Number of protein chains: 4
Amino acid sequence: MKSRSEKPRPPFRFRLDAVSGVPVYRQVIDQVRGALATGALIAGDQLPTVRQLAVDLAINPNTVVRAYRELELSGLIETQQGSGTFIGEGRLRNAGAERERQLNQIVEETIARAGAGGFSLDELLAALRAAKERVRKERS
Amino acid sequence: MKSRSEKPRPPFRFRLDAVSGVPVYRQVIDQVRGALATGALIAGDQLPTVRQLAVDLAINPNTVVRAYRELELSGLIETQQGSGTFIGEGRLRNAGAERERQLNQIVEETIARAGAGGFSLDELLAALRAAKERVRKERS
Amino acid sequence: MKSRSEKPRPPFRFRLDAVSGVPVYRQVIDQVRGALATGALIAGDQLPTVRQLAVDLAINPNTVVRAYRELELSGLIETQQGSGTFIGEGRLRNAGAERERQLNQIVEETIARAGAGGFSLDELLAALRAAKERVRKERS
Amino acid sequence: MKSRSEKPRPPFRFRLDAVSGVPVYRQVIDQVRGALATGALIAGDQLPTVRQLAVDLAINPNTVVRAYRELELSGLIETQQGSGTFIGEGRLRNAGAERERQLNQIVEETIARAGAGGFSLDELLAALRAAKERVRKERS
DNA sequence: GTGGTCTAGACCACC
DNA sequence: GTGGTCTAGACCACA
């Protein structure tokens, strides 16, 4: 069995998306799930404390508590009284499907925003490609 | 004046994602906006009637009313009491510079969202291309 | 940051005109807008809670919600989940020329409305002055 | 008793106010009442036919029918089968109060529009005075 | 038939 | 406690 403090990892960074319309506690949950899917978080990693995350995201601690509780109920994380909250020993089902759903949601909402602004899908694609090109150059 | 039924177009299909956590009325709004971006809906098209869409999506008519109203307030659609709801004719387009700035902001925020979710720029681009392809097929 | 209760202001009073034929939610919206013009409400002021205003006006809370939401969509107020609804800080003001054009349009349309109702410009001016006087008295 | 065709008067002109939020049939009613209050319409005057008014205002004949019916129910007008609709023999109660209510509504909505646009009551008053001055000069 | 307004009341998200 | 979403259903305005 792997010890929990075997290899300390850099803390996972949360980010809120104000324009998505998705409830805050839901975004926290989704990000933990997403991080599990990508491997950014693995079994044994410690999550930020409730208070710390509340400060970081400028939200109410109760909102964090709620998100953590829901994650714990679904078996993804484990709360160790007095020491913190940790990623559970595994078994994230359907990681791929969940990840795909999240990406799809981003894509659909982006297309919607473009439409509301009078932009076509093609214009959007072109702009995104241009952005990618910019990034590529900056790196070289 | 051009008649609205001059050239009947395939009706636009709405669909709901029950697990996304995004409010239903928001999903309806986003889909209309998205359809404007993809060209699935164009100026003059009639949207489903409030009652019809409510039946199709198995939701309350008031929820549809709310979505339509918000779309009207933002100038994207026009309602004509007693006859129906239509895509607006006169969505004034911004001038070039402002327009470009706006598109750029959408792109930047989308990249940020994707990054926060652990998706690469390439994954994002691929998903957007896939969405475009989907639209192309539906239209043919 | 300035505290919101630093200098308690007299609460803004809403009232309904049952015989006017104007929808209730519209009257609420117009009164908030009017209060902004008269200075009865200023940035940072808290509006009555949804439930309180519903009780005061003897209407359904949902009707208040609808009015507040429309005001928020137009950028005049800001809602903070769990704490209340406030007059927005950042109502960006238009530049001089555009601003003047806008005011002129309001004036022209008002004169036209008054004329259609058989009111002279002098009657209109007198009524507006009376409204201003009323505001002045309420404030003292 | 005054004969109805004794002295033919110029037809009364109706106008619709699209921005007021007041139902169309209600505006028709209000304008007849207002015209009675100002003397623009007097007992015996003929109103436009249902069809004519519907065409003039670009509204549905049923809407006119409804307005006329309501006016008839309140005893202000009389329908003469085959010859037209006429102002009744009088007794408009409370003409002054009704007229005042109408003017007040215009004033309140104008102040509201100004507030929504970020204008103060004083700015509005100044603009209206300027408009009056302009009119005065044009006439001299 | 269409959309518009309002009520009553449930349940959720957040402070 | 705050606001947010959704439902069910009544009644009105309009074509």
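Residue numbers start from 1 in every chain, and the chains themselves are labelled A, B, ... in the order their sequence lines are given, proteins ahead of strands. Just so it is clear, the structure is predicted and the values come from calculations on it, not from any experiment.
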Legend entry - Distance, rounded to the nearest Å, where Leu71(C) contributes CG and dG4(F) contributes P: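 Taking atom P of dG4(F) as the reference, CG of Leu71(C) is at 12 Å.
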
Inset, instruction - Would you mind reading off the distance between Gln46(B) atom CD and dG3(E) atom C1', rounded to a whole angstrom? - result: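 Nearest whole value for this atom pair: 11 Å.
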
Inset, instruction - Let me have DNA chain E in dot-bracket notation, would you? Count Watson-Crick plus G-U wobble pairs, both distances under 3.5 Å, and use [ ] for pairs crossing earlier ones and | for inter-strand partners. - result: ||||||||||||||.

Inset, instruction - Verify whether one side chain among Gln27(D) and Gln31(D) offers a donor that lies under 3.5 Å from an acceptor in the other. - result: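 Absent: no donor and acceptor within the cut-off.
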
Applying side-chain contact (heavy atoms from CB on, under 4.5 Å), name anything that partners [X], two or more places apart in sequence or on another chain.
X	answer
Gln52(D)	Thr49(D), Asp56(D)
Val50(A)	Pro61(A), Val64(A), Val65(A), Tyr68(A)
Arg69(B)	Leu73(B), Tyr25(C), Arg66(C), Glu70(C)
Asn62(C)	Asn60(C)

Legend entry - Any Thr79(B) side-chain N or O less than 4.0 Å from OP1/OP2 of dG3(E): no

Legend entry - Spacing of Arg26(C) atom CZ and Glu109(D) atom CD [to the nearest 0.5 Å]: 5.5 Å

Inset, instruction - With rounding to the nearest 0.5 Å, note down the distance linking CG in Leu36(B) to CG in Asp45(B). - result: 9.0 Å

Legend entry - Protein-to-nucleotide contact annotation, 5' to 3' order, nucleotides 5-15 of chain F [B base; S sugar-phosphate only; - none; under 4.0 Å, heavy atom]: BBBBB---BBB

Inset, instruction - Applying side chain to side chain contact (heavy atoms under 4.5 Å, CB included), run through Thr110(C) and Ile106(D) and close with a yes or a no. - result: CA-CA 7 Å; Thr110(C) 300; Ile106(D) 292 175; 4.0 Å; yes

